[in-house]
Protein chains: 2
Amino acid sequence: MKRNTWQREAVRAALDTAEGFVSAQGLHATLHATGSPIGLATVYRALADLAAEGAADSLQSPEGESLYRACTNDHHHHLICRNCGLTVEIEADAVEIWAKNVAAEHGFSQAAHVVDVFGLCATCAPVAPSPGRFARGASRP
Amino acid sequence: MKRNTWQREAVRAALDTAEGFVSAQGLHATLHATGSPIGLATVYRALADLAAEGAADSLQSPEGESLYRACTNDHHHHLICRNCGLTVEIEADAVEIWAKNVAAEHGFSQAAHVVDVFGLCATCAPVAPSPGRFARGASRP
DNA sequence: AATGGTTTTGACAATCATTATCAATAAGCG
DNA sequence: CGCTTATTGATAATGATTGTCAAAACCATT
Ligand SMILES: [Zn+2]
Ligand SMILES: [Zn+2]
Ligand SMILES: [Zn+2]
Ligand SMILES: [Zn+2]
């Protein structure tokens, strides 16, 4: 049976207040900064649970770090500024259908997909195009 | 000045012969198995260079490992069996257009995108019920 | 409220991919 | 052939994530 602990609530609350995607380490630091004595491993576990039960959305930064965000419970994707981390939720029914079809056409089942768009937001576009946190890994367009 | 070494050629050749995406560690193991004394760090560096100059395509497995593949120089995406690693190149003009549009609509520039579909291939579907390796990372479909 | 079986926590060690070091090597050039 | 300098590679270091396991917390039940 799944039990309710203040730790899990703390992580859920911290996720809700967080702006954009955050890492487990980042969330743990934030929680500590607000006085919470929660353990790092617990943050990892709570985030994994939240993602597994659909309460959190997760993706991997191009550097390989797992990032989490409170999920609105409906499937969507993200448009992420690689300089400042600004994240916009986007829906794309056409992509959903395409992904489902392309998997089926090749005999694949249990298909999931990774669809994320990285770019420079309107605010960051003018400034120096320094290779920020999200600078590596994406397929070249 | 960039120099030509047999190590870089070995990595390039190994990438060309590799089936589907391979990790740096995997390529290094393969090279060793064929008698090459190339160092692990060198494989990492060569792969990073190849990816940077567009000769290799890279993506991250749901487990966070960086995978590489010889790039055919034209933009495409991949349908990957999460059990055996079978990879199918897929093209999706609709997705390309969508990605470009959604970025523009939100004022994003220099947009790149990550679009990959993971699933179980026809061969692996009957024998792999465990969702283990994909429990984390990708957006839920 | 007290009990007790079970789950969860958390400090710490362990793992594992990747990167940094840095002396030794070798590519390219004249 | 020698020189300059990029490159290599053994190894240490890093850093995120996971495993361990005794102690603490949860919660149904008494
Ligand atoms: Zn921005
Ligand atoms: Zn989707
Ligand atoms: Zn397969
Ligand atoms: Zn594309």
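Naming: A, B, ... by sequence-line order, numbering from 1 per chain.
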query: Between B:Glu9 (CD) and C:dA27 (P), how many Å, whole number?
result: 13 Å
Among C:dT9, D:dT17, D:dG9, the one nearest B:Ile38 by side-chain distance: D:dG9
- request: Using atom NE2 of A:His28 as one end and atom C1' of D:dT18 as the other, report the distance to the nearest whole Å.
  value: 15 Å
message: On the nucleotide D:dT7, are OP1 or OP2 found under 4.0 Å from the side-chain N or O atoms that B:Arg8 carries?
response: yes
statement: Scanning both residues in full, the closest heavy-atom pair of B:His76 with B:Ile90 reads CB-O, 3.5 Å
task: Return the value, rounded to whole Å, for the distance between atom CG of B:Leu31 and atom C1' of D:dT8.
output: 15 Å
Phosphate contact (D:dC26 OP1 or OP2) by A:Asn4 side-chain N/O below 4.0 Å: no
message: How many whole angstroms separate atom CG of B:Asp49 from atom P of D:dT8?
response: 8 Å
statement: Rounded to whole Å, NE2 of B:His32 lies from C1' of D:dT8 at a distance of 12 Å
field: Any donor-acceptor N/O pair under 3.5 Å between D:dT5 base and B:Arg3 side chain
entry: yes
task: Report the distance from atom CD of A:Glu63 to atom C1' of D:dT14, rounded to the nearest whole Å.
output: 15 Å
query: Is a salt bridge present between B:Glu105 and B:Lys100, judged by a nitrogen-to-oxygen distance below 4.0 Å?
result: no
- request: Look at the side-chain N and O atoms of B:Ser23 and state whether any lies under 4.0 Å from the OP1 or OP2 oxygen of C:dA17.
  value: no
- request: For residues B:Pro37 and B:Trp6, report the shortest heavy-atom separation together with the two atoms involved.
  value: CD-CH2, 3.9 Å
message: Looking at A:Arg45 and D:dG19, is any side-chain donor or acceptor paired with a base atom of the opposite kind under 3.5 Å?
response: no
query: So which nucleotide from C:dA20, D:dA16, C:dA17 ends up closest to the side chain of B:Gln25?
result: C:dA17
query: Starting at CG of A:Leu40 and ending at C1' of D:dA16, how long is that distance when rounded to a whole Å?
result: 9 Å
task: Give the C-alpha distance, both sets of side-chain angles, the deciding distance and a yes or no for side-chain contact (heavy atoms from CB on, under 4.5 Å) between B:Lys2 and B:Arg8.
output: CA-CA 11 Å; B:Lys2 194 175 295 181; B:Arg8 219 169 296 213; 3.8 Å; yes
query: Using a cut-off of less than 4.0 Å, is there contact between a side-chain N or O of B:Gln7 and OP1 or OP2 of D:dG9?
result: yes
field: Interatomic distance, B:Phe21 atom CZ to B:Leu59 atom CG [nearest 0.5 angstrom]
entry: 4.0 Å
- line: Of B:Pro37 and B:Met1, the one whose closest nucleotide on DNA chain D sits nearer the 5' end is B:Met1
- line: Of C:dT9, C:dT18, D:dT17, the nucleotide closest to the side chain of B:Glu65 is C:dT18
- prompt: B:Thr5 side chain N/O closer than 4.0 Å to the phosphate oxygens (OP1, OP2) of C:dA26?
  reply: no
query: B:Val43 or A:Tyr44: which one's nearest nucleotide on DNA chain D is closer to the 5' end?
result: B:Val43
B:Leu47 CG - D:dG9 C1' separation (whole Å): 16 Å
